[in-house]
Amino acid sequence: MSDILVKDLFSDQHYAEDQTITLHGWVKTIRSSKKIGFIELNDGSTIKNAQIVMKASDLDNYADIAKFPISSTIAVTGKVVYTPDAKQPLEIHADAVVLEGASDSDYPLQKKAHTYEYLRTIAHLRPRTNTFYAVFRIRSLAAFATHQYLQAHGFNYLNTPIITGSDAEGAGEMFRVTTLDMNNLPHTEDGKVDNSKDFFRKETNLTVSGQLEAEAFALALRKVYTFGPTFRAENSHTARHASEFWMIEPEMAFEDLDDDIVTIEELIKAVVSYVLDNAQDELAFLNDNVDDHLIERLEKTRDEKFARLTYTEAIKELEDADQDFEVPVYWGLDLEAEHERYLCEHIYNKPVFLTDYPKEIKAFYMRANDDGKTVAAVDLLVPEIGELVGGSQREERRDVLAEKIKDNHMSEEEYGWYQDLRKYGETVHSGFGIGFERLVMYVTGMKNIRDVIPYPRTPGNADF
RNA sequence: GUGUCUUUAGCUCAGUCGGUAGAGCGUCGGCCUGUUAAGCCGGUUGUCGUUGGUUCGAGCCCAACAAGACACGCCA
């Protein structure tokens, strides 16, 4: 198809005045009177619409066109006319408008604001709205920028298993994967389900993290990252949790917590910068209609160094704050959302790294600090979202790790391979995990994770 | 999982003191020579979430159930 795209019409690539072109697209709206009418045409190549001018005198099917229902697909042939004084830089004066696919008149999207809740019920049509057009184009750009930054910095893209036989660090409820007949389950002699009869001859689940598997590859390819689907069967009802989401998990050998933090900051800035450079129209729309501080916040994220403080320093800041928290602050507390928000929205008003958390509230694989109380962990807190990134330097010392696995009552057998990584040439290494949807929320200003996933899965909802 | 709130036309909502329901938008028809979520005139649109109860009478009062949203928790 040698069509001209609306995107190209509005780009630097100039078309001659009066040049005849053909566009294919969807009717966003028609405004017509007896002798002249206007179509706003969107062809999917840009969030912007092309204005088609129709004169009854030029079109023998003018009366029919004026009645095309919204969202009908049409082909327009006409001349480019520049209109520097109008709201749009140019328009197309139609010589022919052909209906390709008429929309039914019960098309559910009107020329007005709909609630996000309603739009979720028509997830197959919501990408036709400006907001979701912008969100999903930006989601694509953010994914590309992530790959681009990591590839340019020596990371190898790694696909860790989606079906897993281990319950990873015991982090949360998992979705069971089975081919057993649920109406006729095989049982062992003591009455339990006989998993040895299942497809994999054992109990299997969908992954909750590829981190441990990624560590093994970092200790061979030096720098790796996963970027794939992740599943949590938690019964969470929040704007920030989904049952199926995408996670980016870089792992780096020979890098400590400070190196880890440098990479996190650079990666976030690279993604934000790429979106600022390549989604100006989408960001402008979102800034006008969704979050009027969006662009300002993104520019600040790109240009200013992130704040960094230790957990212990953060506790002091919170204790000194002249604000009453619902949950009182003390050293050892696993910070609540209200505390995190206060730190990054009131005190710093930008992304904040918190490091060196008490070991009791962090995972077993995080490296123990010399103080005996904290671990080399880092969380990145950002305004509006909260925790965007969680990472750590990994415990590379064979004996320390073995003790932690024992203390946590974890299966020696199941984590044998993980301990082998220390047995055969241990080294300092670090990594982190980014909830991709939370990153998309941050760069679009959207407030609900369900509105940055094409077809979101949450408890009780797996439609489409 | 806990708490709060919501459910009335295709969408967004109003509905007073309990007396069988309305607006805007959409849609349909008409008018209009430059519109920008176009404008003007007219028509159309309902198992008031479900079930049961109170009442002469329930959208409204009561109970149970259901669906959804938000906040918190868990986390990314």
Chemist: Between the base of G34(B) and the side chain of Glu91(A), is there a donor and acceptor pair under 3.5 angstrom?
Modeler: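 Yes, the side chain and the base share a sub-3.5 Å donor-acceptor pair.
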Chemist: Between Glu338(A) and Ala86(A), which residue's closest nucleotide on RNA chain B lies nearer the 5′ terminus?
Modeler: Ala86(A)
Chemist: If you measure from the P atom in C62(B) to the same atom in U4(B), how many Å do you get, rounded?
Modeler: 16 Å
Chemist: For C32(B), does either OP1 or OP2 sit under 4.0 Å from a side-chain N or O belonging to Lys34(A)?
Modeler: yes
Chemist: Both conditions, 6.0 Å and 45 degrees, for the charged tip of Lys269(A) above the ring of Phe306(A): are they met here?
Modeler: yes
Chemist: Side chain of Ser430(A), backbone of Glu255(A): donor and acceptor closer than 3.5 Å?
Modeler: yes
Chemist: Calculate the interatomic distance between Leu109(A) atom CG and G26(B) atom P; express it in whole Å.
Modeler: 14 Å
Chemist: Say whether Asn369(A) and Asp356(A), considering side chains only, have a donor N or O and an acceptor N or O under 3.5 Å apart.
Modeler: yes
Chemist: Centre of Phe10(A)'s six-membered ring, under 6.0 Å away, within 45 degrees of the axis: is that where NZ or CZ of Lys48(A) sits?
Modeler: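 Lys48(A) over Phe10(A) ring: yes.
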Chemist: Would you classify Gln51(A) as touching base, sugar-phosphate or nothing, given that sugar-phosphate means primed atoms plus P, OP1 and OP2, and contacts are heavy atoms under 4.0 Å?
Modeler: base
Chemist: Atom CD of Gln211(A) to atom P of C75(B): distance rounded to whole Å?
Modeler: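 Spelled out: CD on Gln211(A) to P on C75(B) is 14 Å.
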Chemist: Mind checking Tyr118(A) for me? I need base, sugar-phosphate or nothing, with any heavy atom below 4.0 Å counting as a touch.
Modeler: sugar-phosphate
Chemist: Want to settle it: does Ile449(A) or Gly460(A) sit nearer the 5' end of RNA chain B, counting the closest nucleotide to each?
Modeler: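 In this pair, the answer is Gly460(A).
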Chemist: Can you see if the side chain of Asn461(A) gets near the phosphate of G68(B) - specifically, an N or O under 4.0 Å from OP1 or OP2?
Modeler: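 Result: no.
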Chemist: Donor-acceptor pair under 3.5 Å: do we get one between His114(A)'s side chain and the base of C11(B)?
Modeler: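 Not at all, since no donor on one side and acceptor on the other fall under 3.5 Å apart.
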Chemist: Measure the distance from NE2 on His237(A) to P on G3(B) and round it to the nearest whole Å.
Modeler: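 It works out to 14 Å between those atoms.
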Chemist: Rounding to an integer number of Å, can you tell me how far Leu59(A) CG sits from U33(B) C1'?
Modeler: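 Rounding to the nearest Å, CG of Leu59(A) and C1' of U33(B) are 15 Å apart.
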Chemist: Is there a side-chain contact between Ser105(A) and the phosphate of U27(B), meaning an N or O under 4.0 Å from OP1 or OP2?
Modeler: no
Chemist: Quick check: does any side chain N or O of Tyr311(A) sit under 3.5 Å from a backbone N or O of Gly332(A), one acting as donor and the other as acceptor?
Modeler: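 Present.
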Chemist: Could you tell me whether the phosphate oxygens of G68(B), OP1 or OP2, come under 4.0 Å of any side-chain nitrogen or oxygen in Arg120(A)?
Modeler: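 For G68(B), neither OP1 nor OP2 has a side-chain N or O of Arg120(A) closer than 4.0 Å.
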Chemist: Distance check, P atoms only: A63(B) and U27(B), in whole angstrom units.
Modeler: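 One P to the other, the span is 42 Å.
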